[in-house]
Amino acid sequence: MRPLQLVWLRQDLRINDNPALEQASKQGLVVCLYIETAKQHQAHDESVAKQSFRLACLQQLKSQLNQLNIPLIYRETDDFKSVAGVIEKLVEQHSIAALHFNREYPLNEKQRDDEVCELLKNKVSIQHYDGDLALEPSQLKTLQGQSYRVFTPYKKAWIKQFLMQGLSLARGPQTQKFDLSSVKQNDIALMDKHRNDLWPAGDLEALERLDSFEKKIPSYGNHRDFPSINGTSGLSPYLAVGAISVKQCIAKLMKKNIQHGDFSEDDMLSHVWLSELIWREFYRQILIDNCSTLSKHKPFKNKPENWIYGEIAVQRFEAWKNAKTGFPLIDAAMLQLKKTGWMHNRLRMLSAMFLTKLCLVDWRWGEKYFMQQLIDGDFASNNGGWQWCASTGADAAPYFRIMNPITQSKKFDQEGLFIKRFLPSLAELSPKEIHCPNAEQRQSCGYPQPIIDYPEARKEALRVLA
Ligand SMILES: Cc1cc2nc3c(=O)[nH]c(=O)nc-3n(C[C@H](O)[C@H](O)[C@H](O)COP(=O)(O)OP(=O)(O)OC[C@H]3O[C@@H](n4cnc5c(N)ncnc54)[C@H](O)[C@@H]3O)c2cc1C
């Protein structure tokens, strides 16, 4: 019999372009393992939406793997501390020859993996890969050998490196000769909370979404800022659990595997969607380089912070969370988050700037609340996004950049279509009125007064945050 290879699946729930799965299947018979750690997810503020989506994706993956005679062993344990023991037991029970996994970058995940490696180093061969990134993290350094802290030079260096090395996707495993009944797989404990109507689970669904997004890629740059238009890929939940890889997205964008010389730097620089995917890589790189600072929710910039606390902060935070700020586009955005588990990127920026700069509430409160709600909650991107908006992060918005919630509303939801979708009580207001209803209109629609006076709040922010 070929040696048994254990593939420990985590945030990489896909058959294709999964380096751990590819390498394991080259080396022997594959057995997959997933360990659910519900208490750890809660400690990381992961939303129920994300937890249930991930389990639903896992279920899909299990049936695809089983069709290839690859078992997926499902185990549950409380937290990361007990994971090493679970794997050790399986390694001994099944005489596993090698353990394969794709790396994860936040601190607790790294510590968990270090513990597993330490415990098993003399018992099994351990092989890990960078399946969550298009470029290996160590490849990009400035001319001075430093890590990049600014996006534009990072993006240029990223494109240069990417064009030099090309893109190849890991192959999916073949059907193997294996008796599935020889392994106790266990049933996956699905959660009934998953919104399959909005986010059908699985890597096949992710590929379908990518296929149907392909025709929208040329108009992405023009449409992506308008929340009433379905102009973005909607792939973030799938990327967050690894049901699709960033390389698969780039391959679709470039229409083929990239060989050296196929594309010029200018071609690559002009792709707006690619730029967003590179933001994802940038925030991962920033996390890798500043892991203990960021994972402990410290600001990237070592500068005093002047947020307000106490009753007034709590009142503003509660109004923001409960869509009662009195600014229609902000409230519609917060309802989108609550009802669908997802929020449009422009609205994430707008609502995060509103909370931090206009309400002066600590960005960590908003970061945590987003994680608790988002189906695509991702530590690196969420922390990066919040620190960008709060001007505490790497290459963040300057402190004086403060989005005006009314001007933004007029510009990006001109007709008020998005607002009306989530705030039907404002449906009768005209496009002119809906962005900032007067006191009478608010009263007749049962809509709250604004919790802040924008010009005053802006003045105060400039004074406090300078
Ligand atoms: C305050 C704040 C919090 C955020 N929290 C998260 C989060 O928890 N998880 C998350 O995936 N994204 C987060 N983002 C980034 C971005 O808003 C979402 O990735 C995007 O809205 C997802 O929609 P989409 O899949 O249709 O994106 P598309 O526009 O189709 O982009 C494709 C992919 O590129 C990546 N991407 C796009 N924009 C960004 C960005 N600014 N930063 C990093 N990656 C990006 C995502 O993986 C996205 O799925 C946050 C942004 C802000 C401002």
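Note that these values count all heavy atoms, side chains included, but never hydrogens, waters or copies made by symmetry. Order of listing sets the numbers, starting from 1, for every ligand and every atom in it.
Annotation for Lys338: atom NZ counts as buried by contact number, over 12 foreign heavy atoms lying within 6.0 Å. Residue-environment remark: NZ (Lys216) exceeds the threshold of 12 foreign heavy atoms within 6.0 Å. Around the NZ atom of Lys321, the shell of radius 6.0 Å holds more than 12 heavy atoms that belong to other residues, nucleotides or ligands. By the neighbour-count criterion of 12 heavy atoms within 6.0 Å, atom CD of Glu318 is densely surrounded, having more than that number from other residues, nucleotides or ligands.
Of the protein's heavy atoms, Ser381 CB, 3.6 Å lies nearest to atom 12 (N) of ligand 1. Closest protein heavy atom to atom 32 (C) of ligand 1: Trp273 NE1, 3.2 Å. Protein heavy atom in closest approach to atom 5 (N) of ligand 1: Asn382 OD1, 3.1 Å. Counting protein heavy atoms only, atom 23 (O) of ligand 1 is closest to Trp342 CZ2, 3.3 Å. Protein heavy atom nearest atom 22 (C) of ligand 1, with residue, atom name and distance: Ser236 OG, 3.3 Å. From the protein, the heavy atom lying nearest to atom 8 (O) of ligand 1 is Asp378 N, 3.0 Å. Atom 29 (O) of ligand 1 has as its closest protein heavy atom Tyr220 OH, 2.5 Å. At the shortest separation from atom 14 (N) of ligand 1 among protein heavy atoms lies Arg348 NH1, 3.7 Å.
No donor-acceptor pair under 3.5 Å is formed between the side chain of His194 and the backbone N or O of Pro200.
The ligand atoms of ligand 1 that sit less than 4.0 angstrom from a heavy atom of Tyr283 are 42 (N), 43 (C). Near Gly377, with a cut-off below 4.0 Å to any heavy atom, the atoms of ligand 1 are 8 (O).
The closest approach between Met349 and ligand 1 falls below 4.0 Å for a heavy atom of the residue. Contact analysis leaves Gly384 out of contact with ligand 1, as no non-hydrogen atom separation drops below 4.0 angstrom.
Under the rule for a side-chain contact (heavy atoms from CB on, under 4.5 Å), the partners of Asp113 that lie at least two apart in sequence or sit in another chain are Trp8, Arg10, Phe101. In this structure, the ring-ring contact (aromatic ring centres under 6.0 Å, His included) partners of Phe151, at least two apart in sequence or on a different chain, are Trp279, Phe282.
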Worked verdict on His344 versus Leu350 for side-chain contact (heavy atoms from CB on, under 4.5 Å): CA-CA 10 Å; His344 188 276; Leu350 183 60; over 6 Å; no
Kindly determine whether Trp388 and Tyr283 satisfy ring-ring contact (aromatic ring centres under 6.0 Å, His included), including the steps that lead there. CA-CA 10 Å; Trp388 185 89; Tyr283 284 141; 9.0 Å; no
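Side-chain atoms of His271 and Met254, non-hydrogen and from C-beta on, do get closer than 4.5 Å to each other. Residues His41 and Thr37 meet the side-chain proximity criterion, which asks for heavy atoms closer than 4.5 Å. Side-chain contact between Tyr309 and Trp365 is present, with at least one heavy-atom pair separated by less than 4.5 Å.
For ligand 1, the polar-atom distance check against Gly234 finds a nitrogen or oxygen pair separated by under 3.5 Å. Note: no N/O pair closer than 3.5 Å links His344 and ligand 1 by distance alone. Between Leu235 and ligand 1, at least one pair of N/O atoms sits closer than 3.5 Å.
Residues Leu21 and Cys32 come closest through the heavy atom pair CD1-SG, 3.7 Å.
Residue nearest to atom 16 (C) of ligand 1, selected from Leu350, Leu347, Asn345, Asn383: Asn345 (by heavy-atom distance). Residue nearest to atom 44 (N) of ligand 1, selected from Met343, Arg280, Gln387: Arg280 (by heavy-atom distance). Comparing heavy-atom distances from atom 37 (C) of ligand 1 across Glu276, Met371, Arg284 singles out Glu276 as nearest.
With a heavy-atom cut-off of 4.0 Å, Trp388 does not touch ligand 1 at all. Under 4.0 Å from ligand 1, the heavy atoms of Leu239 that appear belong solely to its side chain. At a heavy-atom cutoff of 4.0 Å, ligand 1 is contacted by the side chain of Leu374 but not by its backbone.
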